[in-house]
**Student:** 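Sharing a structure with you now.
Index from 1, following the sequence.
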Amino acid sequence: GQAESATIYGTDYPTPDGTCIRDYIHIADLVSAHILALGALNSRDKMTYNIGSGNGFSVREVIETARQVTGHAIPTIEASRRSGDSARLVASPKKIISELGWKPERTNMQDILTSAWDWHKSHPNGYDK
């Protein structure tokens with residue numbers, strides 16, 4: 001209810017439903033990756049990792065799942081592609097998995113969005129200042 005609609009930028013990509021595919025990660029998985037990396041700094045100077053699930057979800061899949069989770073219609077507006085947008089951007093977490101033993105625990109879009117929705121319902125204006 002904070003926006004009138006969601007905009008889908010591009011519906012003609014070479015993907016199953018024509019929308020971009022991205023690798024979404026739960027905030028708790030992102031945090032756990034950072035904590036592992038911080039702990040590894042005791043034995044390494046620097047590290048570079050891709051943090052993600054290795055899988056992707058299309059924009060339409062995310063919106064449809066959000067509709068199911070929230071019970072809201074979530075109207076969409078289809079717009080032209082944005083310059084430079086790739087059809088598919090999915091991280092490969094193989095390096096952090098092999099070096100630090102990290103792997104995402106929450107890779108189901110339903111679970112990710114349910115967690116986000118629960119937080120937003122309990123913090124409708126974000127965190128109090």
Side-chain angles (χ1 to χ4, degrees):
Q2 294 181 359
E4 290 184 25
S5 61
T7 303
I8 299 174
Y9 293 98
T11 58
D12 60 346
Y13 287 94
T15 61
D17 67 14
T19 63
C20 293
I21 293 175
R22 299 291 184 261
D23 189 347
Y24 297 89
I25 184 170
H26 192 282
I27 187 66
D29 287 327
L30 181 62
V31 168
S32 70
H34 280 80
I35 290 170
L36 277 173
L38 284 170
L41 285 173
N42 294 327
S43 60
R44 303 169 191 222
D45 279 348
K46 59 184 175 179
M47 295 160 285
T48 303
Y49 298 112
N50 287 319
I51 307 299
S53 68
N55 297 307
F57 297 93
S58 75
V59 172
R60 286 194 198 280
E61 288 176 307
V62 173
I63 292 170
E64 184 53 39
T65 304
R67 288 173 176 149
Q68 294 168 9
V69 166
T70 65
H72 293 269
I74 308 179
T76 58
I77 296 172
E78 294 183 0
S80 300
R81 291 182 182 195
R82 293 180 295 197
S83 177
D85 268 353
S86 296
R88 181 179 173 87
L89 292 175
V90 177
S92 172
K94 290 179 182 176
K95 185 177 175 189
I96 192 169
I97 290 169
S98 68
E99 291 184 8
L100 300 183
W102 175 87
K103 67 179 193 176
E105 294 181 13
R106 299 156 195 91
T107 58
N108 177 292
M109 184 53 61
Q110 183 92 20
D111 295 340
I112 292 170
L113 289 178
T114 297
S115 174
W117 181 239
D118 288 346
W119 186 88
H120 282 283
K121 286 189 300 185
S122 64
H123 300 84
N125 299 311
Y127 285 116
D128 293 331
K129 293 181 182 185

**Student:** Which residues pass the side chain to side chain donor-acceptor pair (under 3.5 Å) test with S53, not counting sequence neighbours?
**Tutor:** D23
**Student:** Side-chain donor-acceptor contacts of residues 2-14 below 3.5 Å, not counting sequence neighbours, with atom names and distances?
**Tutor:**
| unit_1 | atom_1 | unit_2 | atom_2 | d |
| --- | --- | --- | --- | --- |
| Q2 | NE2 | P124 | O | 3.3 |
| D12 | OD1 | R81 | NE | 2.8 |

**Student:** Which pairs would a plain distance check flag for residues 83-94, meaning a side-chain donor or acceptor within less than 3.5 Å of a matching protein atom at least two apart in sequence or in another chain?
**Tutor:**
| unit_1 | atom_1 | unit_2 | atom_2 | d |
| --- | --- | --- | --- | --- |
| D85 | OD2 | R82 | NE | 3.0 |
| D85 | OD2 | R82 | NH2 | 3.3 |

**Student:** Quick one: list whatever passes side-chain contact (heavy atoms from CB on, under 4.5 Å) with L41, sequence neighbours left out.
**Tutor:** L38, M47
**Student:** Which pairs count as salt bridge (charged side-chain N to carboxylate O under 4.0 Å, His left out) when at least one residue sits in residues 32-54, sequence neighbours excluded?
**Tutor:** R44-E99
**Student:** Check side chain to side chain donor-acceptor pair (under 3.5 Å) between W119 and all other residues, then give those that pass, not counting sequence neighbours.
**Tutor:** H123, Y127
**Student:** State yes or no: do L36 and L30 share one hydrophobic cluster built from I, L, V, M, F, W and Y residues joined by side-chain heavy-atom distances below 4.5 Å, directly or via other members?
**Tutor:** yes
**Student:** If I take atom CG from residue L100 and atom CD1 from residue I35, how far apart are they, to the nearest 0.5 angstrom?
**Tutor:** 12.5 Å
**Student:** What pairs of residues pass the ring-ring contact (aromatic ring centres under 6.0 Å, His included) test when at least one of them lies in residues 74-95, not counting sequence neighbours?
**Tutor:** none
**Student:** So, taking the atom named CG in N55 and the one named CE in M109, what distance separates them when rounded to the nearest 0.5 Å?
**Tutor:** 10.5 Å
**Student:** Are side-chain heavy atoms of P104 and H26 found at a separation under 4.5 Å?
**Tutor:** no
**Student:** Distance from I21 atom CD1 to T15 atom OG1, nearest 0.5 Å?
**Tutor:** 5.0 Å
**Student:** Any salt bridge (charged side-chain N to carboxylate O under 4.0 Å, His left out) pairs touching residues 113-123, not counting sequence neighbours?
**Tutor:** D118-K121
**Student:** Quick one: side chain to side chain donor-acceptor pair (under 3.5 Å) pairs with a partner in residues 27-39, sequence neighbours left out?
**Tutor:** D29-R106, S32-W102
**Student:** In a table with atom names and distances, give each donor-acceptor pair under 3.5 Å that connects a side chain of residues 60-74 to protein atoms at least two apart or in another chain.
**Tutor:**
| unit_1 | atom_1 | unit_2 | atom_2 | d |
| --- | --- | --- | --- | --- |
| R60 | NH1 | E78 | OE2 | 3.3 |
| R60 | NH2 | E78 | OE2 | 3.0 |
| E61 | OE1 | S58 | N | 2.6 |
| E61 | OE1 | S58 | OG | 3.4 |
| E64 | OE1 | R67 | NH1 | 3.4 |
| T65 | OG1 | E61 | O | 2.8 |
| R67 | NE | A73 | O | 2.6 |
| R67 | NE | I74 | O | 3.2 |
| R67 | NH2 | I74 | O | 2.8 |
| T70 | OG1 | A66 | O | 2.8 |
| T70 | OG1 | H72 | N | 3.1 |

**Student:** Apply side-chain contact (heavy atoms from CB on, under 4.5 Å) to residues T114 and I112 and explain how you reach the verdict.
**Tutor:** CA-CA 6 Å; T114 297; I112 292 170; over 6 Å; no
**Student:** Only counting residues at least two apart or in another chain, list the ones meeting side-chain contact (heavy atoms from CB on, under 4.5 Å) with D111.
**Tutor:** N108
**Student:** What heavy-atom pair brings A33 and I96 nearest, and what distance separates the two atoms?
**Tutor:** CB-CD1, 4.0 Å
**Student:** Can you tell me which residue pairs pass the ring-ring contact (aromatic ring centres under 6.0 Å, His included) test with a partner in residues 40-67, sequence neighbours excluded?
**Tutor:** none
